[in-house]
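Read through the structure below, which is laid out as structure tokens, and then see the notes.
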2 protein chains.
Amino acid sequence: MITADEFFPALADPTRLRCLLLLAGEGELCVCELTHALDESQPKISRHLATLREAGIVSDRREGLWIHYRINPDLPGWAREILSTASRANAAAKPFAQDRRRLRGAPTRPPVRCCA
Amino acid sequence: MITADEFFPALADPTRLRCLLLLAGEGELCVCELTHALDESQPKISRHLATLREAGIVSDRREGLWIHYRINPDLPGWAREILSTASRANAAAKPFAQDRRRLRGAPTRPPVRCCA
DNA sequence: ACGATATATATGTCCATACGTATATTTAAA
DNA sequence: TTTAAATATACGTATGGACATATATATCGT
């Protein structure tokens, strides 16, 4: 069972927070989608996801080549509550709106080919 | 207006988190009460409170020698919500229960003389 | 078996930040 | 105007953690 002392440090990094807010809003995303949406390097995203996984905040599911991440459904209620509160509060904020737009495939960028 | 990228790092330090959870539950506390409740050095508590103040998460009010801190009432709703969720969720957890007990004046410790 | 794609991990470096100790500041009282 | 109490800040050090780069692993198609 995760404690507050383990939970909040995991949200303190902007990259991890962006991942979590996307996952909270979208349900399930694979690494390449997150890499594309956040426009960050693959190892960077992967290691941050590993941090979140080791903290028990996200869970992963392999499907062929792809590994899908989601908010860990076994996360205690207060933690899930905090994530949805943060997600709701930041839905309108510019940086997160940009992440969502990139996730969908931005007009100025090549469309997401992976994770069809 | 504080952003999520500024808010969550402030909760990532255990000392700051303990201060915030106490403040969320007790309303207003002075530095010496927090120092006593957390059993930490005065400069340590003071500097962490300064961090929280500079982030806009707490506000302070001088009253003679004492400076009382509280959760900043102008904090956006989502942030206050997250703090009360965390406070409620951790009320029963041992470390925070100990902090509250020390705040009241633990049997094995000298009673709080300051901040009458 | 080989190559390609998706993801993970290892390594070395660098920077932010938490810490202890010492000292400064502010207020009140004698 | 000293003195004491409460709080704040300065400073040097150390360490956790984020980073880029390179490489390893896993899965699938041919």
Side-chain angles (χ1 to χ4, degrees), chain A residues 5-20 22-23 28-55 57-70 103 105 110-116, chain B residues 3 5-20 22-23 28-70 103 105 110-116:
Chain A
D5 275 13
E6 300 156 355
F7 180 69
F8 287 114
L11 311 196
D13 179 88
T15 302
R16 283 196 298 272
L17 185 59
R18 290 163 75 197
C19 286
L20 286 174
L22 272 184
L23 289 172
E28 205 183 42
L29 295 170
C30 72
V31 179
C32 64
E33 286 176 305
L34 286 166
T35 300
H36 179 258
L38 305 198
D39 193 25
E40 299 277 2
S41 78
Q42 179 269 321
K44 179 168 173 176
I45 297 296
S46 182
R47 192 157 20 73
H48 280 301
L49 287 172
T51 299
L52 293 172
R53 181 177 4 99
E54 286 154 17
I57 299 180
V58 301
S59 61
D60 59 341
R61 176 178 68 87
R62 178 178 279 276
E63 188 179 334
L65 278 178
W66 305 293
I67 300 192
H68 299 269
Y69 282 87
R70 72 177 81 186
L103 177 65
V112 192
R113 289 182 354 277
C114 65
C115 306
Chain B
T3 71
D5 275 13
E6 300 156 354
F7 180 70
F8 286 114
L11 311 197
D13 178 89
T15 302
R16 283 196 298 271
L17 184 59
R18 289 164 74 198
C19 287
L20 286 174
L22 272 184
L23 290 172
E28 205 184 41
L29 296 170
C30 71
V31 179
C32 65
E33 287 177 304
L34 286 166
T35 300
H36 180 259
L38 304 199
D39 193 26
E40 298 278 1
S41 78
Q42 179 268 322
K44 180 168 173 177
I45 297 297
S46 183
R47 194 156 17 74
H48 279 302
L49 287 172
T51 300
L52 293 172
R53 180 177 5 98
E54 285 154 17
I57 299 180
V58 301
S59 61
D60 59 341
R61 175 178 68 86
R62 178 178 278 277
E63 185 179 335
L65 278 177
W66 304 294
I67 300 192
H68 299 270
Y69 282 87
R70 73 177 79 190
L103 177 65
V112 192
R113 289 182 355 278
C114 65
C115 307

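Here is how names work: the chains are called A, B, and so on, in the same order as the sequence lines, proteins then strands, and each is numbered from 1.
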Please state how far atom [atom1] in [X] lies from atom [atom2] in [N], giving the value in whole angstrom units.
X: Asp5(A); N: dG16(D); atom1: CG; atom2: P; result: 16 Å
X: Lys44(A); N: dA6(C); atom1: NZ; atom2: P; result: 21 Å
X: Glu40(A); N: dC19(D); atom1: CD; atom2: C1'; result: 10 Å
X: Arg61(A); N: dA26(D); atom1: CZ; atom2: P; result: 20 Å
X: Gln42(B); N: dA5(D); atom1: CD; atom2: C1'; result: 11 Å
X: His36(A); N: dT5(C); atom1: NE2; atom2: C1'; result: 16 Å
X: Arg47(B); N: dT17(C); atom1: CZ; atom2: P; result: 12 Å
X: His48(A); N: dG16(D); atom1: NE2; atom2: C1'; result: 14 Å

Any [X] side-chain heavy atom under 4.5 Å of [Y] side chain:
X: Cys19(A); Y: Arg16(A); result: no
X: Thr3(B); Y: Glu6(B); result: yes
X: Ile57(A); Y: Thr51(A); result: no
X: Glu28(A); Y: Arg61(A); result: yes

Tyr69(B) side chain near dA6(D) phosphate (N/O to OP1/OP2, under 4.0 Å):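 Looking at the OP1 and OP2 atoms of dA6(D), neither is under 4.0 Å from any side-chain N or O of Tyr69(B).
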Out of [options], which nucleotide sits closest to the side chain of [X]?
X: Pro43(A); options: dT9(C), dG20(C), dA6(D); answer: dT9(C)
X: Ile67(A); options: dT9(D), dA8(C), dA6(D); answer: dA8(C)
X: Ser46(B); options: dA8(C), dA8(D), dA26(D); answer: dA8(D)
X: Arg62(B); options: dT26(C), dT7(C), dA8(C); answer: dT26(C)
X: Asp13(B); options: dT9(D), dA18(C), dA8(C); answer: dA18(C)
X: Arg16(B); options: dA8(C), dA18(C), dA8(D); answer: dA18(C)
X: Cys30(A); options: dT26(C), dC19(D), dT7(C); answer: dT7(C)
X: Ser41(B); options: dT9(D), dT27(D), dG20(C); answer: dG20(C)

Which atom of Trp66(A) lies closest to which atom of Cys32(A), heavy atoms considered: CD1-SG, 4.5 Å
